[in-house]
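Structure record follows, encoded as structure tokens.
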Amino acid sequence: MLQQTQVNTVIPYYERFMQQFPDLRSLAQAQEDEVLHLWAGLGYYSRARNLHRAAKTIMEKFKGQFPDTPLALESLPGIGQSTAGAILALAFHHRAPILDGNVKRVLARFHGITTPVNEKSTESQLWELAEKHTPAKRIADYTQAIMDLGATLCTRSKPQCGRCPLMKNCSAHQQGIVDVLPIKKAVRALPVRTATFLVFKQDNCVLLQKRPPTGIWGSLWSMPEIEGKPDFERIRRFSQRQFKLTTFHHQPLESFRHTFSHYHLDIFPVIIPVKKIATKAARARQQGMEEMPQIWYNPHQPEPLGLPKPVERILRMMP
DNA sequence: TACGCGTGGGA
DNA sequence: TTCCCAAGCGT
């Protein structure tokens, strides 16, 4: 949960998750939809699918015994070198380095690294430095300490060098370049995409599709969508072709912007009243798309499924 | 190597 | 409003 996500954001999700899945066995036995339901809103949903798979793998391949070597840990989906290091150090008190965002910043400043930290060569250099600094004794304390140093004193903006125990030996501080480190390669502006979300409404129910396991909102449930702004003629043809639904009018809801890590999505929700439920859903004939499971979802009697934030938002916007 | 992958908070 | 980026990983 903490990968690329701040502690304060994670806490309520963590509490609910641990209440529902207090141990490996309960998580391994859960339905994926149930896991994604508890993850919904947190983002990066591959983490949830990977965690679920990892629990199953530990139960089956590792006979319920949590692995405690870098090789075994990194063989689990969703656990890379840094997460493996954190588990080894914090859970098992084994000597292992980590390199998360906080540690990168601390090391880049302490050693005065002026090359972009998001370049491969610099990253390799930082891993070497992390390895050198990692002590044999009190590894859990050290690991927590260097992360907390980055989170509390050696912050991105307004670092509190005067309170830092490493100030005297900090290269960036000595050179007066703390504020400009770490250097990052410029990222280009996010592209803007537009989509019409089709809210097929029947009584109190809305048609949702399970999305493919890869790509945005993988394995979560969402409305059918059409690229571009609402166009009633396109909506009519799409509804007929994909769902055998005949539509006569539609009611636009207020559009809004949702921003992903790599693009903006301007969403135009459109309510489309439907009289008859299509008993046999038409196959998704779109390119490369398998037949997608569909449900009529009643927001007033919600089921434990993973719904992306904008889908939740649209359901709340419904009259 | 570069990119895909969510969401929310702070500046 | 917009930008940055946060306990990274997989492909």
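Note that the structure is a prediction, hence the values are computed from the model and not measured. Lettering of chains follows the sequences in order, A, B, ..., and the numbering in each one begins at 1.
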Counting just side-chain N and O atoms, does [X] come under 4.0 Å of either OP1 or OP2 of [N]?
{"X": "A/K104", "N": "C/dA6", "answer": "no"}
{"X": "A/Q4", "N": "C/dG8", "answer": "yes"}
{"X": "A/W217", "N": "B/dT7", "answer": "yes"}
{"X": "A/S46", "N": "B/dG4", "answer": "no"}
{"X": "A/K185", "N": "B/dA2", "answer": "yes"}
{"X": "A/H258", "N": "B/dG6", "answer": "no"}
{"X": "A/H262", "N": "B/dC5", "answer": "yes"}

Roughly how many Å is it from [atom1] in [X] to [atom2] in [N], rounded to a whole number?
{"X": "A/L76", "N": "C/dG10", "atom1": "CG", "atom2": "C1'", "value": "14 Å"}
{"X": "A/Y44", "N": "C/dA6", "atom1": "OH", "atom2": "C1'", "value": "9 Å"}
{"X": "A/R257", "N": "C/dC3", "atom1": "CZ", "atom2": "C1'", "value": "13 Å"}
{"X": "A/R313", "N": "B/dG8", "atom1": "CZ", "atom2": "P", "value": "10 Å"}
{"X": "A/L38", "N": "B/dG6", "atom1": "CG", "atom2": "P", "value": "17 Å"}
{"X": "A/Y45", "N": "C/dG8", "atom1": "OH", "atom2": "P", "value": "18 Å"}
{"X": "A/H264", "N": "B/dG4", "atom1": "NE2", "atom2": "C1'", "value": "16 Å"}
{"X": "A/R47", "N": "B/dT7", "atom1": "CZ", "atom2": "P", "value": "10 Å"}

Please figure out whether A/L2 or A/N50 has its closest DNA chain C nucleotide nearer the 5' end.
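It is A/L2 whose nearest nucleotide is closer to the 5' end.
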Closest approach to the side chain of [X], judged atom by atom: which nucleotide of [options] is it?
{"X": "A/D100", "options": "B/dA11, B/dT7, C/dG8", "result": "C/dG8"}
{"X": "A/S82", "options": "C/dC9, C/dA6, B/dG6", "result": "C/dC9"}
{"X": "A/R105", "options": "B/dT7, C/dA7, B/dC5", "result": "C/dA7"}
{"X": "A/Y263", "options": "C/dA7, B/dC5, B/dT7", "result": "B/dC5"}
{"X": "A/I216", "options": "C/dG8, B/dG6, C/dA6", "result": "B/dG6"}

Whole-angstrom distance between [N] and [M], as gauged at atom [atom1]:
{"N": "C/dC9", "M": "B/dG9", "atom1": "P", "answer": "24 Å"}
{"N": "B/dG6", "M": "C/dT1", "atom1": "P", "answer": "24 Å"}
{"N": "C/dC4", "M": "B/dC3", "atom1": "P", "answer": "16 Å"}
{"N": "C/dA6", "M": "B/dC5", "atom1": "C1'", "answer": "14 Å"}

With DNA chain B as reference, determine whether A/G215 or A/S124 sits nearer its 5' end, using the nearest nucleotide of each.
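Looking at DNA chain B, the more 5' nearest nucleotide goes with A/S124.
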So which one's nearest nucleotide on DNA chain B is more toward 5', A/S121 or A/L220?
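Nearer the 5' end of the strand: A/S121.
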Reckon [X] touches a base, only the sugar-phosphate, or nothing at all at heavy-atom distances under 4.0 Å?
{"X": "A/T214", "answer": "nothing"}
{"X": "A/V103", "answer": "nothing"}
{"X": "A/N102", "answer": "sugar-phosphate"}
{"X": "A/T83", "answer": "sugar-phosphate"}
{"X": "A/I98", "answer": "nothing"}

Pair A/E32 + A/K56: basic N to acidic O under 4.0 Å:
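Looking at A/K56 together with A/E32, the answer is no, because their closest N to O distance does not fall below 4.0 Å.
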Under-4.0 Å salt bridge between A/R236 and A/E233:
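Answer for the salt bridge query: yes.
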Can you tell me if A/H111 and A/S171 form a side-chain donor-acceptor pair at under 3.5 Å?
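No donor-acceptor contact under 3.5 Å links the two side chains.
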Is a side-chain donor-acceptor pair under 3.5 Å present for A/N50 with A/R47?
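Side chains of A/R47 and A/N50: no pair found under 3.5 Å.
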Any idea how A/H258 and A/F260 line up, ring-wise: parallel (<30°), tilted (30 to 60°), or perpendicular (>60°)?
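Perpendicular: the ring planes of A/H258 and A/F260 meet at over 60°.
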Contact between A/I146 and A/N102 at the side-chain level, heavy atoms closer than 4.5 Å - yes or no?
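In short, these two side chains do not touch, never coming nearer than 4.5 Å.
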If you take atom types as modelled and just measure distance, does the side chain of A/T5 reach the base of B/dG6 with a donor-acceptor pair under 3.5 Å?
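Answer yes: a donor N or O sits under 3.5 Å from an acceptor.
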Test side chain to side chain contact (heavy atoms under 4.5 Å, CB included) applied to A/W39 and A/L51, step by step:
CA-CA 11 Å; A/W39 207 278; A/L51 185 62; 3.9 Å; yes
